[in-house]
There are 2 protein chains.
Amino acid sequence: MLTSSQRQLLRVISESGPLSRTVLAASMGLSKAAMSGIARDLITLGVLHETETVYGQGRPSILLDLHPEGAFFVGISLLEDPAPMVLSDLNGKIIARENMPLSRDPEVIAGLIADALPKLLARRPDAADKLSGLGVALSGFVDEKQANCVQSTLLGWQDVPLAKIIRQKTGIETFIENDAKAVAVSEKLFGSARDIQNFSVVSFGDGVGCAHFIGGKLYRGNHGGAGEIAHCTIEPNGSPCRCGKRGCLDTVASIKAIKEMSKAEGLACTSLTELEEEASVGNAVAIRILHRAGGALGLAIAHLIQFNDPGMILITHVEGNFDGLFGTVVQQAIEANVLPRYAGQTPIRTQRVDSDIWARGAASIAAHNFLIGPNPN
Amino acid sequence: MLTSSQRQLLRVISESGPLSRTVLAASMGLSKAAMSGIARDLITLGVLHETETVYGQGRPSILLDLHPEGAFFVGISLLEDPAPMVLSDLNGKIIARENMPLSRDPEVIAGLIADALPKLLARRPDAADKLSGLGVALSGFVDEKQANCVQSTLLGWQDVPLAKIIRQKTGIETFIENDAKAVAVSEKLFGSARDIQNFSVVSFGDGVGCAHFIGGKLYRGNHGGAGEIAHCTIEPNGSPCRCGKRGCLDTVASIKAIKEMSKAEGLACTSLTELEEEASVGNAVAIRILHRAGGALGLAIAHLIQFNDPGMILITHVEGNFDGLFGTVVQQAIEANVLPRYAGQTPIRTQRVDSDIWARGAASIAAHNFLIGPNPN
DNA sequence: GACAATAAGTTCAGCAAGTGAACAAATCAA
DNA sequence: TTGATTTGTTCACTTGCTGAACTTATTGTC
């Protein structure tokens, strides 16, 4: 177990990149004397290591950085069948990939994970020794201990202590997390939001997910439901949603919804890319669908900006294509629906991601617990 | 200056009410030994005092509570002319009230405050000695140091270091804050949100304000704009708003908007109460206006719930009347627009407040800085 | 009414994590 | 070569906390 100062140091480095002991001391409000000891301990533990030497006036400074091979983590996504598994190092780099069959029975899942682990670890014998955590991403609500799945429609679960079950079967420290929240943690720890304290990730795919970082910490909400923008009413009296309401964002602005709308309108498109192509050659129906979907997503994001004033919005998309009409409409809708004085003040980044995104996010949940810990330090 | 443990103790008591040393120690994760000293110091400082003795088995416990007369604070609202001023104690109780003329010149305001202070303090000579801070509530954006007004349309300000100016003139530690955020702090410190870590306050009056507490701390947003729900687009292609967009919440769901809509529709109502009366006797126009306004406010609050999953929504209203049709419609619109599984999960409290609310909020900003401090301890 | 049982709060020696000042180390600039 | 400069370490000392033993104030029981 790391001390609170050690964790703080790791957090600062993870936010700012490699830093010298003196700079670290200053930015943590500690003396150089204290810093010296903390750094020494972390280096001994193998978590930190000296990297570049920076020459200036006076004695050169030695930058400290996370030691990539200081710890390894496993991440598993329960969002697809087969379920992707990844092995990542302390820098979030993916070292190995595997797939395992999916099940809806927690005990079976734990068994399948235990079975698949040796193959994942086979290529890197040292990773097995330093395996420091396992993360699982799933669609549903997770408690703040990242141990129990409170509710998952997709998996048909209610109060399943999945982390404990997996931990018993594998012997590895396990944490679970909601899919969108896991992606947000991964962006904070290893991605493009490292140094941003307040931001939201919107994951655009078959569904629309969202998660907030506030004050440098994942904000889970009072019932774990923060960021569930998919079912906000975006088209009053719109189409019925499977949730029971009407006009939810999810009925218009997910890839699934776009495909369904295309089908309903008699288009033969089976992907967003195809629909974009149709629109680019002037297909009025395709253009209308993209406008409707993009306008809805943009409006929701504009609300997010007005409500929470984040420092960045990161839109991740798997199959999507944000360079075409859809992306343009989203951008325009955002700009048109935030307070004019705000417009352009909030950076919107879009990022194409591969299908590893959920497993990566899962691994970063384990990494986050190892580096920064669960507590509000 | 208080230590971090002293501040933590004060925060726990402010959240939970009077507690014994032993309970405090347990809830702060400290030993009874440490607690003993911390409590002794705070009692010596006059901030804490022993109150009730609770008898059970064993030695009775002595509850510790904030000493109301341990410190006093001044709060001023720059939202009305004349500007209300209050003197409050450490429990948030209002001890004295005054008014002072309003100005738009920061230097003049500081002078007017300095002039008005003696009269406010006249009745309580001890308060003058223990005056520990001054807070100012205003409409506009305030930086996170609660020192500079970044932007205020109402006052015509841009980057005004108001806190410093007032402090120089009066010699009192001064903090400024946005009106809605000040009210949220006052509800957290002294009101009905004491023990709630995540909540939002929606202040319904001439305009619609909102502020969030997240993780027990005021969340200001990246540019200080968190909670600015007044200009979220709630009626796409709705009426033009003075902000330049269309269909903002502010154009439908503020008291000002309701009055304007009534006037435009030819009703002679000059207050929400009158409009409610018309509606109760079956005036179709009045009913329509109240439905439109209530539906809009409810939808915005539903979005707030979906986006942030707060533990409570507190609606404060000055002139408003939430027992009538308007309140009912708001409630219904909230329920109808949150994920059905969520419905009823988020407590909505409405609270009628007097016109002191802004000045009280301002005083609580000063109290918050005294008790808990500006730092994320 | 005496006396155990119980729990609150205090005291005190000791420990862990920090500080400040002095110092050693490694470089650049003159 | 020497001085200036800045990094990082060492060391004596302070601070805030802990654990254990103790004192204190009460209830319950015989």
Side-chain angles (χ1 to χ4, degrees), chain A residues 1-13 16-45 47-67 371-373 375-377, chain B residues 1-13 16-45 47-67 371-373 375-377:
Chain A
M1 203 59 179
L2 303 176
T3 69
S4 128
S5 289
Q6 289 174 325
R7 293 229 135 103
Q8 198 192 343
L9 187 157
L10 294 174
R11 192 174 58 228
V12 171
I13 289 207
S16 311
L19 294 174
S20 72
R21 291 169 173 83
T22 305
V23 173
L24 277 167
S27 77
M28 289 170 61
L30 290 181
S31 64
K32 292 192 295 172
M35 198 63 246
S36 188
I38 296 169
R40 189 193 307 124
D41 294 348
L42 284 172
I43 290 172
T44 309
L45 282 170
V47 181
L48 216 59
H49 72 332
E50 301 188 335
T51 56
E52 205 184 337
T53 306
V54 176
Y55 299 89
Q57 209 165 25
R59 175 173 167 175
S61 57
I62 303 162
L63 300 190
L64 298 176
D65 199 2
L66 298 181
H67 190 48
L371 285 174
I372 287 144
N375 305 338
N377 288 325
Chain B
M1 202 61 178
L2 302 176
T3 69
S4 130
S5 288
Q6 289 173 327
R7 293 226 136 103
Q8 198 191 342
L9 188 156
L10 295 174
R11 192 175 59 230
V12 171
I13 288 204
S16 311
L19 294 174
S20 72
R21 290 169 174 82
T22 305
V23 173
L24 278 167
S27 77
M28 289 170 60
L30 290 181
S31 64
K32 291 194 296 172
M35 198 63 244
S36 188
I38 296 169
R40 190 192 307 124
D41 294 348
L42 284 172
I43 290 172
T44 309
L45 282 170
V47 181
L48 216 60
H49 71 334
E50 301 189 335
T51 56
E52 203 185 337
T53 305
V54 177
Y55 298 89
Q57 208 165 26
R59 176 173 168 175
S61 58
I62 303 162
L63 300 189
L64 299 176
D65 198 1
L66 298 181
H67 189 51
L371 285 174
I372 287 145
N375 306 339
N377 289 325

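Proteins get letters first, then strands, A, B, ... in listed order; numbering begins at 1 in each.
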Once you round it to whole Å, what is the distance between [atom2] of [N] and [atom1] of [X]?
| X | N | atom1 | atom2 | value |
| --- | --- | --- | --- | --- |
| Glu50(A) | dG8(D) | CD | P | 8 Å |
| Leu2(A) | dA17(C) | CG | P | 12 Å |
| Ile62(B) | dT26(D) | CD1 | P | 9 Å |
| Lys32(B) | dC12(C) | NZ | P | 16 Å |
| Met35(B) | dT10(C) | CE | P | 10 Å |
| Leu30(A) | dT15(D) | CG | C1' | 14 Å |
| Arg21(A) | dT6(D) | CZ | C1' | 14 Å |
| Gln57(A) | dA30(C) | CD | P | 9 Å |

Side-chain touch [X]/[Y], heavy atoms, less than 4.5 angstrom:
| X | Y | value |
| --- | --- | --- |
| Ser36(B) | Arg40(B) | yes |
| Val47(B) | Leu10(B) | yes |
| Val12(B) | Met28(B) | yes |

Original post:
Touch check for Gly56(B), heavy atoms < 4.0 angstrom, all strands: base, sugar-phosphate only, or nothing?
Top reply: sugar-phosphate
Strictly below 4.0 Å: does [X] bring a side-chain N or O up to OP1 or OP2 of [N]?
| X | N | answer |
| --- | --- | --- |
| Thr3(A) | dA17(C) | no |
| Ser36(A) | dG8(D) | no |
| Ser61(A) | dT6(D) | no |
| Ser31(A) | dT19(C) | yes |
| Arg40(B) | dT11(C) | yes |

The side chain of [X] lies closest to which of these nucleotides: [options]?
| X | options | answer |
| --- | --- | --- |
| Pro60(A) | dC17(D), dA8(C), dA26(C) | dA26(C) |
| Ser5(B) | dT9(D), dC17(D), dT26(D) | dC17(D) |
| Ala33(B) | dG9(C), dG8(D), dT11(C) | dT11(C) |
| Ala34(A) | dT9(D), dT10(C), dG18(C) | dG18(C) |

Original post:
Out of Thr3(B), Leu24(B), Leu2(B), which residue meets the side-chain contact (heavy atoms from CB on, under 4.5 Å) rule with Leu9(B)?
Top reply: Leu24(B)
Subject >> Interatomic spacing from OG in Ser20(A) to CZ in Arg59(A) - rounded to 0.5 Å >> reply: 11.0 Å
Subject >> Base dA7(C) to side chain Arg59(B), donor-acceptor N/O within 3.5 Å cut-off >> reply: no
Original post:
Relative to the 5' end of DNA chain C, which residue comes earlier, Ile38(A) or Tyr55(A), by the nucleotide with the nearest heavy atom?
Top reply: Ile38(A)
